[in-house]
Student: 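Sending over a structure as structure tokens; questions will come in a sec.
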Amino acid sequence: MNTEHKVLAELTEDRYSSGEAISQKLNITRSAVWKHIVKLRERGYVIEALPRNGYRLIGRPDKLLPAEITPLIHAQVIGGHIVHFEKTGSTADDARKLIDEGAPEGTVVIADEQTQGRGRMGRTWQTPAGKAIALSVILHPRVSPSRISLLSLATALAVKNALVAVLSVTRESQSGEGGSEEIHVDPHISLKWPNDIYVGGKKLGGVLLEMAAELDRVQWAIASIGLNVNNQVQGTGLKNIATSLLEELGHEVSRRDLVVALLDELDSVYRRFNLEVDPGAISHEFEKSDMLQGHKVEVDTPAGFVTGVASGIDADGRLRIRESGGGVKLLFSGEATLSGAWSPP
Ligand code: BTN
């Protein structure tokens, strides 16, 4: 945490914190405290300052600022450095530039709005201002390039775990009196190989994994996540195929809480991925939410279309397809489409 984050951490909504107390605790002068208060106000924090009482936080900006996220994450590798843009073309492109500038592993680029967002297979990706999540993480995986497709499954799994964690808490805090009751929710989040996040048959978010590798070494990877949170998908051309948390739940969800959970979950699954202690574990966990399992699918792969019944995922993250002639194909990458309507499990 830098000093500005530490000053922010000293401010609360329910009481005043004196400038003297903050300066002593952080070992900085009172005028330095004041300078940080001014900076925080410039960033959109509403801070009351009363000569006798001190400072009180009245409002936070609805932006995914590092000061909002850094103090809350527990991640070890991911999020040590967070770069925030109110508006950018694409966080994935920004991350690529940061790699060339020597940004360390775990650097996160977050934007409140993207104007040139990119999806998989050359598609575009919408990130309307202040409503969704768009972030990219710089990684230097210590695995052979043949294992890298598993990283995109691992990232999707982290998104699912983060959603389940945050939505459980959201339901809990909305349950009225006695809201501390533990509620296990099943928001029907499923994963579509290799890395799409679905709710009730509609796409909620996706992962874009880009990398550069030599024959036996991955130079860098950028794991990017796009998630529809408080945006309306109804009314856009995507209404039958995509959805948002707002549309599914009927209420807004804190983007800050989601980003914090996402970075923590991604950190945990990424460390497991790098260590390769139990090579099949990530695929196995993914399989538990695999919406293609047992369904007839058509997969558009770099080598052409493959059709058959989706029959699980192997330890390297490859989709297993049982063809009508009885043969089995293992697919590294591709875009799977269900033949026929999806029905909930
Ligand atoms: C998909 O097609 O499902 C993947 C979508 C990935 C979108 C994210 S949003 C953050 C990052 N920046 C981009 O331009 N794309 C990715």
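For reference, positions follow the sequence shown, starting with 1. All figures in this text were calculated on a predicted structure; none of them were measured in a lab. Note that ligands are numbered from 1 as they come in the structure, with each ligand's atoms numbered from 1 the same way.
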Student: Mind checking what residues have non-hydrogen atoms under 4.0 angstrom from ligand 1?
Tutor: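 Within 4.0 Å of ligand 1, protein side: Ser90, Thr91, Ala92, Gln114, Gly117, Arg118, Gly119, Arg120, Trp125, Ala134, Leu135, Ser136, Asp196, Lys203, Gly206, Val207, Leu208, Ser224, Ile225, Gly226.
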
Student: State which residue, out of Leu292, Leu157, Asp290, fulfils the side chain to side chain contact (heavy atoms under 4.5 Å, CB included) condition with Leu191.
Tutor: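 Looking at Leu292, Leu157, Asp290, the match for Leu191 under the side chain to side chain contact (heavy atoms under 4.5 Å, CB included) is Leu157.
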
Student: Would you call Glu42 and Lys39 a salt bridge, using N to O less than 4.0 angstrom?
Tutor: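 Answer for the salt bridge query: yes.
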
Student: Could you tell me whether Glu68 and Arg256 make a salt bridge, using a distance below 4.0 angstrom between a side-chain N and a carboxylate O?
Tutor: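 Salt bridge between Glu68 and Arg256, a charged N being under 4.0 Å from a carboxylate O: yes.
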
Student: Report the residue from Leu64, Ile110, Val259 that forms a side chain to side chain contact (heavy atoms under 4.5 Å, CB included) with Ile82.
Tutor: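 By the side chain to side chain contact (heavy atoms under 4.5 Å, CB included) criterion, Ile82 pairs with just one of Leu64, Ile110, Val259: Ile110.
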
Student: Using modelled atom types and a 3.5 Å cut-off, is there a donor and acceptor pairing between side-chain atoms of Glu287 and backbone atoms of Gly312?
Tutor: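 It does not hold such a pair.
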
Student: For Ile28, which residues count as a side chain to side chain contact (heavy atoms under 4.5 Å, CB included) partner, sequence neighbours excluded?
Tutor: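 Side chain to side chain contact (heavy atoms under 4.5 Å, CB included) list for Ile28, sorted by chain: Thr3, Val7, Leu26, Ala32, Val33, His36.
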
